[in-house]
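Here the structure is laid out as structure tokens; the discussion comes afterwards.
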Amino acid sequence: MLERNGPLSVGVVGNVISVRGSEAYVGLAANTYGREVTRPTVGKFLAVDTGANSIIGLVAEVTRRGLEDCKATGCEALARIELMGEILRSPGRAAQFRRGVGEYPTIGDPVRLMSAADLQLIYAPSSHRMIAVGHLSQDPEIAAHIDVENLLTKHFAILGSTGVGKSSAVAVMLRAILGARPQTRILLLVAHNEYGRCFGDKANIINERNLKLPFWLFNFDEFTDVIYGGRVSVPEEIEVLAELIPIAKGSYQQMRTTTDRLALKRREARQTAFTVDTPVPYLLQDLLSLIDDRMGKLENRSTRMVYHRLMTRIELLKGDPRYAFMFENANVGGDTMGMLLSQLFRLEPDGRPVTVLQLASLPSEVVDAVVCLISRLAFEFGLWSDGALPLLFVCEEAHRYAAADYAQGFAPARRALARIAKEGRKYGVSLALVTQRPAELDPTIISQCSTLFAMRMVNDQDQTLLRSAVSDAGADLLGFVPSLGTGEVVGFGEGMPLPARFSFLQLDDALLPRSESSVSQFGEIGELDRASFVKSVIDRWRGAMMRQSVTTCLDDVPPPAVQPSQTPVATTVSAIERGLRATAEPPPAPAPPAPGPAVPSYSSPRPW
């Protein structure tokens, strides 16, 4: 059979001996299989010449089993190849590649290794839609290109274990996207304070020092999650908030249009046009005053404690310096929503189209709510702007915010990310997910990513999920995933011309992602000696937790008398403590009969 087309020509490795569906078997010649340079091994592409055209196949398996029927033809081994596309050649027209097979090969068709020209035609076409992100493993001289339109409009995900180069891969891809689509805005949520230097002067870095997310911008689910620190909420307190927050919003809007604040009327929730989720400003003091007023009208002690505990929770959060990004101007007012959207989504980029939001410095109890809020704002801005500004929303450690187990994580955050995944493309919002545990990521969300980049993974559950998510004909490449090198990846899906194994481009050392707080050893500290370094760490640690420490030790340390020189936060904490103790004391014994009605102790003015 190998003699059908004459002696074995240069580059030809065998002939087709069997065709079935989307796969074919190739008999490999003895004098070809032993070559050092042109070895048709697993993972390489072969071309089946069918006249003027060539069918492209990926070697999925090489074996010597089943050779009995074809030994007479001179076959040394059998190769199973997956048929994936074809190169079309017509007189007077340039050759072009297309996915899928129009005309299948026949028995005896010659099979050869892909030439550099064919690989260049497939993976590096001259088109404005393609961006170069790496080099093919089969031929390092050929650049690996990705269709940026399909990548953005149909979402993508980068998957891989810790230490395989995911962060560098993200930086390479985002830099390439910016080069091809400079009008695209990128919002990158970072869990470990990386990427601060990856984009040079094109990135706007947001962290706890310059992040301003006013509390009133959080919807009801997000705000209550902040109040209870991710723990189970108290239904009675939730009912109070649900009733009084709309009233507080209505009171603030009245204040903005009325000069005489004393003339303001308190409205019931049903009388205001606002809901608990309407993103309009209100004053935290107004909310606390409403709770206090309701508590003053109650006579049942247990019911009063519900209100009192709720006020205490809010006051403690307000006084915690870690939550200053939410409550710093809680009693000042002002509608800063437009300013915040401009900062997050770079509406006026000034040469900085990338926003890197560093989450590591935020309290862990509030990170889920912050991610939920940012995700929701990204989608709703695209919705209400009719997709006027293309936005790429990149979420690192996505499994933390959209867990597959619905009993874990923050359900509103999962719904916010799922909404972007399902509907975001209609409004110009693209989604990129980065995770080291794809098995723990909500399968509904990852199924919306039409392009997957799989880096090294050894966990069986992660590999199982990857196999279920990849429907491409090149799924046999998944066998390489456990043995990929650092920086190597197998790409599948709509963004790839064909599934391929390639290596990402190398970034300069100055652009590599690196945690800003990482110090590998004491020798890198600089001028500080070890004792000074440890002391500075302890000072930062205690400083960040100082207000929390004060408020959690109130029962152990008697409070000092409130002096005029005390700070407002200290005054508030002391007042809350006195109120707690006053409310917790048993009711006084009945007083002897005296003229005039007895006045309950709760009618006296409260410290807040």
Side-chain angles (χ1 to χ4, degrees), residues 213-252 266-320 322-323 326-327 330-331 363-373 375-377 401 403 406-416 548 551-552 572 576 579-580 583-584 602 606 608:
L213 289 177
F215 70 94
W216 51 262
L217 199 55
F218 290 70
N219 67 19
F220 191 65
D221 288 334
E222 296 157 357
F223 186 55
T224 54
D225 187 70
V226 172
I227 291 177
Y228 295 99
R231 297 182 294 272
V232 178
S233 59
V234 180
E236 294 83 359
E237 297 177 11
I238 293 295
E239 291 178 2
V240 174
L241 287 174
E243 179 183 1
L244 297 183
I245 286 178
I247 300 177
K249 293 179 179 180
S251 298
Y252 178 77
R266 296 289 174 87
R267 296 183 177 182
E268 297 298 328
R270 61 180 178 272
Q271 295 176 319
T272 180
F274 304 113
T275 69
V276 289
D277 293 331
T278 307
V280 296
Y282 66 95
L283 301 182
L284 194 63
Q285 187 58 46
D286 286 348
L287 177 61
L288 291 172
S289 297
L290 288 169
I291 298 174
D292 188 39
D293 289 346
R294 292 293 177 91
M295 183 172 64
K297 298 176 182 179
L298 299 173
E299 296 184 359
N300 184 284
R301 181 185 174 195
S302 61
T303 306
R304 282 196 303 268
M305 285 301 299
V306 171
Y307 287 78
H308 200 95
R309 282 193 296 265
L310 178 57
M311 291 185 66
T312 303
R313 296 182 199 277
I314 297 175
E315 288 283 8
L316 294 182
L317 282 179
K318 179 185 172 185
D320 193 329
R322 301 177 304 155
Y323 291 82
M326 288 181 60
F327 299 105
N331 294 324
S364 58
E365 300 89 347
V366 78
V367 168
D368 284 344
V370 170
V371 171
C372 181
L373 170 62
S375 305
R376 183 172 54 81
L377 290 179
Y401 316 116
Y406 278 31
Q408 299 180 359
F410 186 41
R414 182 190 302 108
R415 291 196 297 267
Q548 185 185 42
T551 56
T552 54
T572 300
I576 292 172
L580 280 171
T583 310
Y602 293 104
R606 296 172 188 81
W608 47 79

| task | Output, in order, the C-alpha distance, side-chain angles, deciding distance and verdict of side chain to side chain contact (heavy atoms under 4.5 Å, CB included) for L310 and I314. | result | CA-CA 6 Å; L310 178 57; I314 297 175; 4.2 Å; yes
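- K318 contributes atom NZ, which lies 10.0 Å from atom CE of M311 (distance to the nearest 0.5 angstrom).
- Checked by atom type and distance alone, the side chain of D286 never pairs as donor or acceptor with a backbone atom of A248 at under 3.5 Å.
- Under the rule for a side-chain hydrogen bond (donor to acceptor under 3.5 Å, both in side chains), the partners of T303 that lie at least two apart in sequence or sit in another chain are N300.
- Contacts of P363 classified as side chain to side chain contact (heavy atoms under 4.5 Å, CB included), with partners at least two apart in sequence or in another chain: R322, Y323, F325, E365, V366.
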| query | Is there a side chain to side chain contact (heavy atoms under 4.5 Å, CB included) between V240 and R294 once you walk through the steps? | reply | CA-CA 9 Å; V240 174; R294 292 293 177 91; over 6 Å; no
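- Taking 4.5 Å as the limit, every side-chain heavy atom of F223 sits out of range of all side-chain heavy atoms of V276.
- Of all heavy-atom pairs spanning D368 and A413, the tightest one is O-CB, 4.0 Å.
- Note that CG of L317 is 9.5 Å distant from CG of L284, once rounded to the nearest 0.5 Å.
- Sequence neighbours left out, the pairs with a member in residues 229-241 that pass side chain to side chain donor-acceptor pair (under 3.5 Å) are Y228-E237, E237-R313.
- Of all heavy-atom pairs spanning Q408 and R414, the tightest one is O-NH2, 3.0 Å.
- Scanning all heavy atoms of the two residues, the minimum distance from I238 to T224 falls at CD1-CG2, 3.5 Å.
- Under the rule for a side-chain hydrogen bond (donor to acceptor under 3.5 Å, both in side chains), the partners of R376 that lie at least two apart in sequence or sit in another chain are E222.
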| request: Start with the C-alpha gap between L288 and D292, add the side-chain angles, then the distance that decides, and say whether side chain to side chain contact (heavy atoms under 4.5 Å, CB included) holds. | output: CA-CA 6 Å; L288 291 172; D292 188 39; over 6 Å; no
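- The shortest non-hydrogen separation linking L373 to L217 is CD1-O, 3.5 Å.
- In terms of heavy atoms, F218 sits closest to V226 at CE2-CG2, 4.2 Å.
- The shortest distance between side-chain heavy atoms of V371 and V367 falls below 4.5 Å.
- Applying the side chain to side chain contact (heavy atoms under 4.5 Å, CB included) rule to T278 yields the partners K249, F274, T275, V280; only residues at least two apart in sequence or on another chain are considered.
- A distance-only check finds a donor-acceptor pair linking the side chain of D277 to the backbone of F220 [under 3.5 Å].
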| So V306 and V234, side chain to side chain contact (heavy atoms under 4.5 Å, CB included) or not? Walk me through it. | CA-CA 9 Å; V306 171; V234 180; 5.6 Å; no
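- Note that the OG atom of S289 and the CD1 atom of I247 stand 12.5 Å from one another [nearest 0.5 Å].
- Contact detail for F410 and C372: the closest heavy-atom pair is CE2-CB, 4.0 Å.
- In this structure, the ring-ring contact (aromatic ring centres under 6.0 Å, His included) partners of F215, at least two apart in sequence or on a different chain, are Y282, F327.
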